[in-house]
Trainee: 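Below is a structure I'd like to ask you about.
Computed from heavy atoms alone, side chains included, the values below leave out hydrogens, waters and symmetry copies. For ligands, and for the atoms within them, numbers begin at 1 and follow the listed sequence.
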Amino acid sequence: MLTFPNAKINLGLNITEKRPDGYHNLETIFYPVLIEDALEINILNEGNGKFRLHQAGLEIEGEAESNLVVKAYKLLDDRFNLPPVEIHLFKHIPSGAGLGGGSADAAFMLKLLNNKFELGLPDDTLEEYAAKLGADCAFFIRNRPTYAEGIGNIFSPLPLSLKGYQIWLVKPDIFVSTRDAFAKIKPHHPEMSLKEIARLPVEEWNGRMVNDFEESVFPQFPAIGEIKKEMYRQGAVYASMSGSGSSVYGLFKEDAVLPEVDFGEKVFVYKSQFTDI
Ligand SMILES: C[C@](O)(CO)[C@H](O)COP(=O)(O)OP(=O)(O)OC[C@H]1O[C@@H](n2ccc(N)nc2=O)[C@H](O)[C@@H]1O
Ligand SMILES: Nc1ncnc2c1ncn2[C@@H]1O[C@H](COP(=O)(O)OP(=O)(O)OP(=O)(O)O)[C@@H](O)[C@H]1O
């Protein structure tokens, strides 16, 4: 059985409070983007292990045991004693990008196991399992435009569509640690709620919809801020860093012609029209 975990971007990200447990309360909008990994599971017949992970595409740091697809398998295996599985993961979504690639893989693994082994878990339950695996993992269960608050885990669906716009997303060869990015932030409440801003036309987002991480990440990595400036020079209606970086996206009118721009070596670039979700 095969599935295609997709990325997300953050439309706005306000970090409002530091909590006693060290995590931060925030508000953001998650929006699905069709940059995709491929994830397949089959029943594993040989050997006596419970799983075997084969990886291709972009490299992921760390041991197989720490891969989020394996953590997702173990989580459900502990509860349902699943058959052994052979896992194939083709990585296309860059890591350390603010695109939630690892979280997407984990959530799609839960959905895949639920279907393959007919566990009959409803979305609410899958979201509870997903939340144990990462802050924004649960978003990928329903995978639709979502307003998130709390630590990024309390969701409400949002009637928002970017159909009629193009996205141009650039991820430079810079790895931003989410933990470090949070540590440099001074939390504060925004003047205007993100939910209200999202009701305005995209043309009115610039100057209102803010990603708080830009303030701490751009001074440390000016090259990321330069990409955002370039997006606006090229006519973006709205541009922002996604999550804690390092990817930056621009939203452009449907008929805008996006040129080839040299953003440096080992840069990941994605251009696409938004379609209906
Ligand atoms: C910033 C976002 O990218 C927004 O989409 C996500 O909330 C981050 O999600 P993520 O990369 O899956 O983050 P996790 O792996 O869960 O957390 C990484 C680290 O970020 C910090 N962290 C994360 C989420 C949160 N609400 N407050 C935090 O302070 C914690 O130090 C945590 O150890
Ligand atoms: N299946 C996986 N794909 C990518 N990274 C994984 C995976 N499993 C574990 N990881 C670990 O998670 C880290 C973060 O990866 P991820 O792709 O979620 O990037 P991110 O850009 O930090 O996402 P976010 O938007 O959540 O901040 C990686 O450095 C890697 O060590």
Trainee: Quick one: does G102 get a heavy atom under 4.0 Å from ligand 1?
Mentor: no
Trainee: Please verify whether a non-hydrogen atom of T178 lies at under 4.0 Å from ligand 1.
Mentor: yes
Trainee: Do the ring centers of H92 and F268 come within less than 6.0 Å of each other?
Mentor: yes
Trainee: What are the atoms of ligand 1, with element, lying closer than 4.0 Å to any heavy atom of G22?
Mentor: 29 (O)
Trainee: Could you identify the single nearest non-hydrogen protein atom to atom 27 (N) of ligand 1 and state the distance to 0.1 Å?
Mentor: H24 N, 2.9 Å
Trainee: In terms of residue, atom name and distance, what is the protein heavy atom nearest to atom 31 (O) of ligand 1?
Mentor: R179 CG, 3.6 Å
Trainee: Do K184 and E215 sit within salt-bridge range, that is, some charged N less than 4.0 Å from a carboxylate O?
Mentor: no
Trainee: Short list, please: which atoms of ligand 1 are under 4.0 Å from a heavy atom of S103?
Mentor: 12 (O)
Trainee: Do me a favour and list the nearest non-hydrogen protein atom to atom 23 (C) of ligand 1 with residue, atom name and distance?
Mentor: F182 CE1, 3.3 Å
Trainee: Would you find more than 12 non-hydrogen atoms of other residues, nucleotides or ligands less than 6.0 Å from E203 atom CD?
Mentor: yes
Trainee: Around atom NZ of K74, are there more than 12 heavy atoms of other residues, nucleotides or ligands at under 6.0 Å?
Mentor: yes
Trainee: Which bit of C137 is near ligand 1, meaning a heavy atom under 4.0 Å away: side chain, backbone, both or neither?
Mentor: neither
Trainee: Going by the order shown, which atoms of ligand 1 are within less than 4.0 Å of some heavy atom of N10?
Mentor: 4 (C), 5 (O)
Trainee: What I'd like to find out is whether the side chain of L39 reaches to under 4.5 Å of the side chain of F4, using heavy atoms alone.
Mentor: no
Trainee: Could you please provide the protein residues found below 4.0 Å of ligand 2 on a heavy-atom basis, arranged by chain and number?
Mentor: K8, I60, E61, S66, N67, L68, L89, K91, S95, G96, A97, G98, L99, G100, G101, G102, S103, D105, D136, F175, T178
Trainee: I151 heavy atoms, cut-off 4.0 Å: which ligand 1 atoms fall inside?
Mentor: 26 (N)
Trainee: Find all atoms of ligand 1 within a distance of less than 4.0 Å from any non-hydrogen atom belonging to F213, and give their numbers and elements.
Mentor: 1 (C)
Trainee: May I ask you to identify the nearest protein heavy atom to atom 32 (C) of ligand 1, giving residue, atom name and distance to one decimal place in Å?
Mentor: Y23 OH, 3.5 Å
Trainee: State plainly whether the residues R19 and D21 are in salt-bridge range, i.e. N to O under 4.0 Å.
Mentor: yes
Trainee: Report the nearest protein non-hydrogen atom to atom 12 (O) of ligand 1: residue, atom name, distance rounded to 0.1 Å.
Mentor: D136 OD1, 3.3 Å
Trainee: Does the pair E196/R199 count as a salt bridge with the N-to-O cut at 4.0 Å?
Mentor: no
Trainee: Contact between M209 and E204 at the side-chain level, heavy atoms closer than 4.5 Å - yes or no?
Mentor: no
Trainee: Considering the heavy atoms of F30, write down every atom of ligand 1 situated less than 4.0 Å from one of them.
Mentor: 5 (O)
Trainee: Distance from I197 atom CD1 to L11 atom CG, nearest 0.5 Å?
Mentor: 11.0 Å
Trainee: Compile the donor-acceptor pairs under 3.5 Å between side chains in residues 128-140 and protein atoms, sequence neighbours left out, one pair per line.
Mentor:
unit_1	atom_1	unit_2	atom_2	d
D136	OD1	S103	OG	2.8

Trainee: Between I29 and N10, is any pair of side-chain heavy atoms under 4.5 Å apart?
Mentor: no
Trainee: Could you tell me, atom by atom, which parts of ligand 1 come under 4.0 Å of a heavy atom of L26?
Mentor: 26 (N)
Trainee: I'd like to know if the side chain of N14 reaches the main chain of T16, judged simply by a donor and an acceptor atom lying under 3.5 Å from each other, with no hydrogens or angles considered.
Mentor: no
Trainee: Should E36 and K91 count as an ion pair when the cut-off is N to O under 4.0 Å?
Mentor: no
Trainee: Which protein heavy atom lies closest to atom 16 (O) of ligand 1, and at what distance to 0.1 Å?
Mentor: A135 N, 3.0 Å
Trainee: Identify whether NZ of Lys or CZ of Arg in K195 sits under 6.0 Å from the centre of the six-membered ring of Y147 and within 45° of that ring's axis.
Mentor: yes
Trainee: At less than 4.0 angstrom from any non-hydrogen atom of K8, what atoms of ligand 1 do you find?
Mentor: 3 (O), 5 (O)
Trainee: Is atom 5 (O) of ligand 1 close to the protein, meaning a heavy atom under 4.0 Å from it?
Mentor: yes
Trainee: Considering only NZ, NE, NH1 and NH2 on the basic side and carboxylate oxygens on the acidic side, decide whether K71 and D77 come within less than 4.0 Å.
Mentor: no
